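Quick notes on the structure that follows.
Remember, it's a predicted structure, so these values are computed and weren't measured experimentally. Worth knowing before you read on, the calculation uses all heavy atoms, side chains too, and leaves out hydrogens, waters and symmetry mates. Residues take their numbers from the sequence shown, with the count starting at 1.
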Amino acid sequence: MDPALITAWATVAIAASTVIVGGATCFLIWRGIREMRRSSDERARARETAAAELAEWRDADIRRHEESMTALLALIQRTGPVAPAE
């Protein structure tokens, strides 16, 4: 066999393997970045949902507190000492 032909085929083989390995590496990096982005989006949605639920709980707590204070005030007014008649 001609040494130049062997060298040419070896060069082609090395170039092809480099392209394949490089392409596979790029593909894996792309997939990893895509998964990280998806995971980040899921965490962001979960945080938004948790924040909305917390706001609902907070609003409900405020309403219950106001209702309790109104009931307490009414109870105090009903059970307080009677003012002396003048």
Side-chain angles (χ1 to χ4, degrees):
M1 294 205 74
D2 184 19
L5 183 62
I6 293 173
T7 303
W9 278 111
T11 303
V12 168
I14 290 171
S17 66
T18 301
V19 168
I20 291 170
V21 170
T25 302
C26 290
F27 174 74
L28 292 174
I29 291 171
W30 172 77
R31 285 290 306 259
I33 291 171
R34 195 176 89 182
E35 287 299 313
M36 288 189 310
R37 183 176 291 136
R38 185 187 59 77
S39 177
S40 176
D41 291 344
E42 286 178 4
R43 282 193 310 271
R45 280 192 298 274
R47 279 192 306 270
E48 290 170 1
T49 301
E53 290 174 358
L54 181 61
E56 289 175 14
W57 277 93
R58 185 186 64 234
D59 293 343
D61 283 347
I62 290 171
R63 281 192 304 276
R64 280 192 298 274
H65 176 74
E66 290 172 355
E67 291 168 359
S68 296
M69 290 299 107
T70 302
L72 181 60
L73 180 60
L75 179 65
I76 290 171
Q77 289 172 346
R78 281 194 320 240
T79 59
V82 177
E86 291 183 28

Distance-only donor-acceptor hits, side chain of residues 4-21, under 3.5 Å, sequence neighbours excluded:
| unit_1 | atom_1 | unit_2 | atom_2 | d |
| --- | --- | --- | --- | --- |
| T7 | OG1 | P3 | O | 2.8 |
| T11 | OG1 | T7 | O | 2.8 |
| S17 | OG | A13 | O | 3.2 |
| S17 | OG | I14 | O | 2.9 |
| T18 | OG1 | I14 | O | 2.7 |

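- Listed by first and then second residue, the side chain to side chain donor-acceptor pair (under 3.5 Å) pairs involving residues 27-39 are E35-R38, R38-E42, S39-R43 (not counting sequence neighbours).
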Pairs of donor and acceptor atoms involving the side chains of residues 61-72, under 3.5 Å and at least two apart or interchain, shall be tabulated with distances.
| unit_1 | atom_1 | unit_2 | atom_2 | d |
| --- | --- | --- | --- | --- |
| D61 | OD1 | R64 | NH2 | 2.1 |
| S68 | OG | R64 | O | 2.9 |
| T70 | OG1 | E66 | O | 2.9 |

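- Every residue was checked against the side chain to side chain contact (heavy atoms under 4.5 Å, CB included) condition with L54, not counting sequence neighbours, and none meets it.
- Here the CD atom belonging to E48 is positioned 8.5 Å from the CZ atom belonging to R45, to the nearest 0.5 angstrom.
- In terms of the side chain to side chain contact (heavy atoms under 4.5 Å, CB included) criterion, residue partners of L75 (sequence neighbours excluded) are, by chain and number, R78, T79.
- Listed by chain and residue number, nothing satisfies the side chain to side chain contact (heavy atoms under 4.5 Å, CB included) test with L28 (two or more places apart in sequence, or in another chain).
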